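Taking it in order: structure first as structure tokens, then the write-up.
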Amino acid sequence: MNEEKHKKEINPAEISGARQITVWQRDALQQAQPDWLADEVPVALVYNGISHVVMMATPKDLAAFAVGFSLSEGIIGSPADIFGIDVVPVCQGIEVQVELSSRRFAALKEQRRAMAGRTGCGVCGVEQLAEIGKPVQPLPFTQRFDFHYLDNALRQLKDFQPVGQLTGCTHAAAWVTPTGNLSLGCEDVGRHVALDKLLGMRSKVPQAAGAVLVSSRASYEMVQKSAMCGVEILFAVSAATQLAVEVAQRCNLTLVGFSKPGRATVYTHPQRLV
């Protein structure tokens with residue numbers, strides 16, 4: 001099917017996370033014209049009144065981001081460990097105030113690390129190198145995916161990037177069903193944040209078979225976050241890093257890079273793929 005038929009009509013007035021500015025093009029410097037930029041703001045995750053991390057993010061789906069980050073970082077074991085979430089604008093950005101169970105908050109205080117993230121970087125500010133890389137339980141082999149359906153999933157990915165279609169400035173993460181349809185999807189200026197948003201959304205719906213598809217490269221942290229949330233198959237549009245492959249091999253995750261129409265490179269555990 002033609003890719004154009006998959007694209008949804010974009011109405012800028014209905015899109016959050018982008019704003020219009022005036023720009024000048026190289027070949028028409030005397031003629032100003034409107035253009036769109038993706039919003040990027042500091043988002044602080046605050047657990048029981050204590051700030052834990054600040055990430056640069058697109059200000060949408062922030063409650064899902066808080067849940068997904070908490071799961072993928074091992075702060076909670078399930079969404080039930082969170083009693084409430086409030087998204088509060090502050091003078092310099094946004095606070096996502098998370099109320100944790102007393103047991104989980106006590107554990108967080110024991111392991112607490114100061115971490116200030118930048119766009120696309122999930123480990124800035126980690127205090128010790130030993131804190132990079134959490135132990136992940138080996139994944140089971142319960143999922144299967146037929147490559148015949150991957151091209152269909154790739155054609156749908158931009159449907160979950162309304163800000164990206166306006167600005168060319170966001171990553172996407174989506175849940176792919178075994179028949180190649182995207183049932184959930186999120187976007188963000190940061191690839192890690194987009195994935196956390198998706199993992200948070202997925203945690204709130206009945207767990208169904210499928211895989212994660214991301215529009216970015218696969219760094220070790222993308223693999224680790226996915227595995228922490230029980231994802232067995234990760235498709236990345238771009239390449240994988242050496243450490244990502246090592247982590248995927250160790251935790252039994254099937255990692256696929258260069259996922260493009262008609263092609264893909266399988267780095268680990270191909271037995272899940274047809």
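Bear in mind the structure is a predicted one, so any value in this text is a computation, not a measurement. Atom set for the values below is all heavy atoms of this structure, side chains included, hydrogens, waters and symmetry mates excluded.
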Checklist entry - Does R272 count as lying over the ring of F145, i.e. NZ or CZ under 6.0 Å from the six-ring centre, within 45 degrees of the axis? => result no
Cluster check [X], [Y]: I/L/V/M/F/W/Y, side chain < 4.5 angstrom:
X: V41; Y: V46; result: no
X: L139; Y: W175; result: yes
X: V53; Y: I75; result: yes

Could you pull out the closest heavy-atom pair between [X] and [Y], with the gap in Å?
X: M228; Y: S72; value: CG-O, 3.5 Å
X: T170; Y: G164; value: OG1-CA, 3.2 Å
X: P34; Y: Q20; value: CB-NE2, 3.4 Å
X: G180; Y: N152; value: O-ND2, 3.1 Å
X: T167; Y: A38; value: CG2-N, 3.4 Å
X: F258; Y: Y267; value: CE1-OH, 3.5 Å

Minimum side-chain heavy-atom gap [X]-[Y] below 4.5 Å:
X: F69; Y: K225; value: yes
X: L198; Y: V214; value: no
X: T265; Y: V256; value: no
X: Q242; Y: E246; value: yes
X: V189; Y: V193; value: no
X: E221; Y: E73; value: yes
X: V176; Y: Y149; value: no
X: Q224; Y: V136; value: yes

Is it the case that more than 12 heavy atoms not belonging to [X] sit under 6.0 Å from its [atom1] atom?
X: Q271; atom1: CD; answer: yes
X: Q33; atom1: CD; answer: yes
X: K204; atom1: NZ; answer: no

Which value, rounded to the nearest 0.5 Å, describes the distance between [X] atom [atom1] and [Y] atom [atom2]?
X: L45; Y: I50; atom1: CG; atom2: CD1; answer: 14.0 Å
X: L37; Y: I21; atom1: CG; atom2: CD1; answer: 3.5 Å
X: I82; Y: S70; atom1: CD1; atom2: OG; answer: 4.5 Å
X: R155; Y: L157; atom1: CZ; atom2: CG; answer: 12.5 Å
X: L62; Y: D86; atom1: CG; atom2: CG; answer: 12.5 Å
X: M201; Y: D196; atom1: CE; atom2: CG; answer: 12.0 Å

Taking [X] for the side chain and [Y] for the main chain, is one N or O donor matched with an acceptor at less than 3.5 Å?
X: T268; Y: L255; value: yes
X: E95; Y: A44; value: no
X: T254; Y: H269; value: yes
X: R191; Y: S219; value: no
X: S259; Y: A264; value: no
X: N48; Y: L100; value: yes

Checklist entry - Step by step, would you call C186 with F160 a side chain to side chain contact (heavy atoms under 4.5 Å, CB included)? => result CA-CA 6 Å; C186 300; F160 293 92; over 6 Å; no
Item to check | L154/F235 under side chain to side chain contact (heavy atoms under 4.5 Å, CB included): CA gap, chis, key distance, verdict | outcome: CA-CA 10 Å; L154 290 165; F235 293 103; over 6 Å; no
Item to check | Worked verdict on R104 versus D81 for salt bridge (charged side-chain N to carboxylate O under 4.0 Å, His left out) | outcome: CA-CA 7 Å; R104 286 294 181 175; D81 291 323; 3.2 Å; yes
Checklist entry - Would F65 and M55 count as a side chain to side chain contact (heavy atoms under 4.5 Å, CB included) if you check the C-alpha gap in whole Å, the side-chain angles of each, and the deciding distance to 0.1 Å? => result CA-CA 11 Å; F65 169 48; M55 303 292 286; 4.0 Å; yes
Next on the checklist: Under the criterion side chain to side chain contact (heavy atoms under 4.5 Å, CB included), I'd like the reasoning laid out for V212 against V231: C-alpha separation, chi angles, the key distance, then a yes or no.
Outcome noted: CA-CA 7 Å; V212 165; V231 174; 3.7 Å; yes
Item to check | Test item: side-chain donor near acceptor, T142 and E232, under 3.5 Å | outcome: yes
Checklist entry - Hey, which of D61, D188, T58 is the one that makes side-chain hydrogen bond (donor to acceptor under 3.5 Å, both in side chains) with K197? => result D188
Item to check | Co-members of the apolar cluster containing L29 [side chain, <4.5 Å] | outcome: W24
